[in-house]
Trainee: 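Handing you this structure, nothing more for now.
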Amino acid sequence: VLAVFSVPESERQKRHMLRSRLSWLGFGTVSAGVWIAPSHLIDETRDVLVRNGLQQYVDLFRGDYLGFGDPAAQVESWWDLESLQSLYDEFCEAYAPVLRRWRRRSADNDASEAFRDYVRALTAWRRLPYLDPGLPPELLPKSWSGRRAADLFFDLKDRLEKPAHAFVDSITGA
């Protein structure tokens, strides 16, 4: 998906909002006013643009890369994959020990600690899917840790979600 946009200088706040929304959707920057994302984001992009009253500034296109360079090299110039990789690595470094600890014990036996770890992991994880454009593996660096980080998060979620909710219910009387 290509988003080609132009927002008048007199509506600078709308330009900032548009760039922010595209960034959170997973778009990368090809050049000023031309942003790119995987095609699976088209429906969500349309919804976000309409919901925020930004559709009048944007033309959306769906197409294939027919350029002359290596698509994987181009991807690295359109998205800041190095920064995203660092965030995934930090998540793995922080939460792999937490998962190892919970593999040795039952979350049901200490629901309050399960709640604490669950909320921390959820808070650390929740922004990452919005920053990740969801590119196909063949376009990602060989050392990409996004899949490993996602597996780690979902393993933690599977182990801790139920006891964490039970802990909250025990406090609120639900």
Side-chain angles (χ1 to χ4, degrees), residues 1-5 14-30 34-55 58 60-65 71-103 107 113-165 167-168:
V1 174
L2 285 178
V4 179
F5 64 89
K14 294 239 183 200
R15 185 182 318 130
H16 175 71
M17 182 190 299
L18 177 58
R19 288 177 178 153
S20 296
R21 298 305 182 268
L22 291 176
S23 179
W24 275 100
L25 284 166
F27 276 75
T29 308
V30 176
V34 179
W35 289 45
I36 189 169
S39 62
H40 70 267
L41 294 174
I42 187 69
D43 292 333
E44 187 177 2
T45 300
R46 285 183 186 167
D47 291 345
V48 166
L49 293 173
V50 169
R51 191 171 46 248
N52 289 280
L54 299 168
Q55 72 275 13
V58 182
L60 293 177
F61 300 89
R62 186 179 311 180
D64 297 320
Y65 178 69
Q74 292 295 91
V75 159
E76 291 192 25
S77 71
W78 298 334
W79 284 276
D80 188 358
L81 296 179
E82 189 174 311
S83 292
L84 186 55
Q85 174 77 12
S86 293
L87 292 172
Y88 279 136
D89 289 343
E90 289 168 16
F91 182 86
C92 290
E93 186 176 311
Y95 289 97
V98 174
L99 179 60
R100 281 193 299 274
R101 188 176 75 236
W102 283 109
R103 283 182 172 155
E113 191 171 343
F115 171 78
R116 285 191 298 274
D117 285 343
Y118 177 67
V119 170
R120 287 181 185 129
L122 187 61
T123 301
W125 176 257
R126 70 179 176 186
R127 68 186 173 142
L128 295 176
Y130 291 103
L131 298 173
D132 192 323
L135 298 170
E138 61 271 12
L139 295 178
L140 295 169
K142 299 287 184 230
S143 62
W144 190 247
S145 59
R147 178 79 259 147
R148 184 169 52 98
D151 290 345
L152 171 61
F153 171 74
F154 286 108
D155 282 352
L156 277 168
K157 181 182 178 293
D158 289 346
R159 278 179 196 279
L160 303 178
E161 184 175 39
K162 186 176 177 183
H165 284 278
F167 174 71
V168 171

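Numbering starts at 1 and runs along the sequence shown.
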Trainee: Report yes if the side chains of R101 and D117 come closer than 4.5 Å at any heavy-atom pair, otherwise no.
Mentor: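 Result yes, sub-4.5 Å side-chain heavy-atom pair found.
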Trainee: With salt bridge (Lys or Arg N to Asp or Glu O under 4.0 Å) as the criterion, how do R159 and D155 come out once you've worked through the C-alpha distance, each side chain's angles and the decisive distance to 0.1 Å?
Mentor: CA-CA 6 Å; R159 278 179 196 279; D155 282 352; over 6 Å; no
Trainee: Salt bridge (charged side-chain N to carboxylate O under 4.0 Å, His left out) with D47: which residues, sequence neighbours excluded?
Mentor: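 Expected list: none.
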Trainee: Taking the side chain as every heavy atom from C-beta outward, state whether L122 and F153 have any atom pair closer than 4.5 Å.
Mentor: yes
Trainee: What is the minimum heavy-atom distance between Y118 and E161, and which atoms define it?
Mentor: OH-OE2, 3.3 Å
Trainee: Looking at side-chain heavy atoms only, is the closest gap between R148 and D89 below 4.5 Å?
Mentor: yes
Trainee: Can you tell me how far OG of S86 sits from CG of L81, rounded to the nearest 0.5 angstrom?
Mentor: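 Answer for the CG-OG pair, L81 versus S86, is 11.0 Å.
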Trainee: If you define the side chain from C-beta out and look only at heavy atoms, does anything of L156 sit under 4.5 Å from Y95?
Mentor: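 Yes, at least one pair of side-chain atoms sits under 4.5 Å.
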Trainee: Give me the atom names and distance for the closest heavy-atom approach of V1 to P38.
Mentor: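 Nearest pair, atom of V1 first, then P38: CG2-O, 3.9 Å.
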Trainee: What's the spacing between E90 CD and Q85 CD if we round to 0.5 Å?
Mentor: 10.5 Å
Trainee: Please work out whether the ring planes of F115 and F167 are parallel, tilted or perpendicular, with thresholds of 30° and 60°.
Mentor: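 Judged by the thresholds at 30° and 60°, the geometry between F115 and F167 is tilted.
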Trainee: Mind listing the side-chain donor-acceptor pairs of residues 18-28 below 3.5 Å, one per line with the distance, residues two or more places apart or on another chain?
Mentor:
| unit_1 | atom_1 | unit_2 | atom_2 | d |
| --- | --- | --- | --- | --- |
| S20 | OG | H16 | O | 3.0 |

Trainee: Decide if atom CD of E93 counts as having more than 12 heavy atoms of other residues, nucleotides or ligands within a radius under 6.0 Å.
Mentor: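 Open.
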Trainee: Hey, could you give me the CG/CZ distance between L152 and F91, rounded to the nearest 0.5 Å?
Mentor: 5.0 Å
Trainee: Could you pull out every donor-acceptor pair under 3.5 Å between side chains of residues 124-143 and any protein atom, sequence neighbours left out?
Mentor:
| unit_1 | atom_1 | unit_2 | atom_2 | d |
| --- | --- | --- | --- | --- |
| D132 | OD1 | G134 | N | 2.8 |
| D132 | OD2 | Y88 | OH | 2.5 |

